[in-house]
Amino acid sequence: MEITITCGEGSADASSLHRWLMAERTLRGHAVVSVRPAVQEQGQMGGALDVVNVVLSNGIALGSLITAVLTWRSSRPRPPRLTLERDGSLVTLYDGSPELVERILREWNAAGGPDATTDPPAAAPLDPPAVNADGE
């Protein structure tokens, strides 16, 4: 599974996030992390941005990746806006609420779910899983 992370503040943040993820113990052996130039459409204006590209070996590592990204973001003096992309589904991070990891995982794992954006203020509360009469 491939995740692309775009940092709102540009190359310096992408490099810092790359170093942070490379040092993250929970991702070792489960992720290949690299930095590459962002693809810009022809005629698009703006500075050169880098993106962090992460290839995960399994779905369990996704939760670790999202937690590590949010921890890095919260360590910044001015936390940048981050956009994560998986299979064309986008999530833009504006906050770092504790429920965010679970919400991203739920939305990305939902079949055919729409793009997700966590708008300020904090993400909406999570609903408990539905249980039928058989306890399933």
Side-chain angles (χ1 to χ4, degrees):
M1 144 183 359
E2 183 174 359
I3 309 295
T4 303
I5 306 166
T6 306
C7 299
E9 301 301 317
S11 296
D13 281 337
S15 295
S16 174
L17 177 58
H18 175 256
R19 287 189 305 273
W20 183 281
L21 295 176
M22 292 294 292
E24 180 60 44
R25 282 185 299 128
T26 60
L27 294 176
R28 287 190 192 141
H30 302 288
V32 176
V33 183
S34 60
V35 176
R36 63 173 172 80
V39 176
Q40 292 189 347
E41 300 294 325
Q42 186 173 3
Q44 182 179 3
M45 297 184 69
L49 291 177
D50 289 335
V51 297
V52 177
N53 195 61
V54 183
V55 178
L56 300 171
S57 63
N58 60 58
I60 296 170
L62 181 58
S64 297
L65 171 66
I66 295 168
T67 300
V69 168
L70 290 174
T71 302
W72 171 82
R73 185 180 179 278
S74 70
S75 75
R76 309 299 293 165
R78 292 176 47 194
R81 183 184 67 170
L82 300 174
T83 302
L84 288 73
E85 179 180 359
R86 173 187 174 199
D87 298 329
S89 178
L90 300 173
V91 177
T92 300
L93 307 179
Y94 295 100
D95 70 8
S97 62
E99 299 85 12
L100 193 55
V101 174
E102 188 174 339
R103 181 176 180 197
I104 293 169
L105 291 173
R106 187 181 68 226
E107 290 184 14
W108 273 357
N109 290 328
D115 288 352
T117 300
T118 58
D119 295 319
L126 301 175
D127 297 324
V131 177
N132 66 23
D134 296 327
E136 297 178 24

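When every heavy atom of A14 is checked against every heavy atom of V35, the shortest pair comes out as O-CG2, 4.2 Å. Taking both residues in full, the closest heavy atoms of C7 and L17 are given as SG-CD2, 4.1 Å, listed atom of the first, atom of the second, then distance. Counting all heavy atoms, side chain and backbone alike, S57 lies closest to G29 at OG-O, 4.1 Å. Among all heavy-atom pairs drawn from V54 and A31, the shortest one is CG1-CB, 4.0 Å.
Using a distance-only test at 3.5 Å, with no hydrogens or angles considered, no donor-acceptor pair links the side chain of R73 to the main chain of A68. Proximity of a side-chain donor or acceptor of T71 to a complementary backbone N or O of T67 within less than 3.5 Å is detected. For R36 (side chain) and V51 (main-chain N/O), no donor-acceptor pair under 3.5 Å exists by modelled atom type.
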Could you walk me through whether D13 and R76 pass side chain to side chain contact (heavy atoms under 4.5 Å, CB included), step by step?
CA-CA 9 Å; D13 281 337; R76 309 299 293 165; 3.1 Å; yes

Side chain to side chain contact (heavy atoms under 4.5 Å, CB included) between I3 and W108, worked out
CA-CA 11 Å; I3 309 295; W108 273 357; 3.7 Å; yes

Can you list the steps and then say if L21 with W72 is a side chain to side chain contact (heavy atoms under 4.5 Å, CB included)?
CA-CA 9 Å; L21 295 176; W72 171 82; over 6 Å; no

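Put simply, the residue from L62, L65, L93 that forms a side-chain contact (heavy atoms from CB on, under 4.5 Å) with I104 is L93.
Rounding to the nearest 0.5 Å gives a distance of 7.5 Å between CG of N58 and CE of M1. If you take CG on N53 and CD on E2, they are separated by 4.0 Å, rounding to the nearest 0.5 Å.
Residue W20 is not grouped with residue V32 when hydrophobic side chains (ILVMFWY) are merged at heavy-atom distances under 4.5 angstrom, including chains of intermediate members. One hydrophobic cluster, built from ILVMFWY side chains closer than 4.5 Å, holds both L105 and V69.
Within a 6.0 Å sphere centred on CZ of R25, heavy atoms belonging to other residues, nucleotides or ligands number 12 at most.
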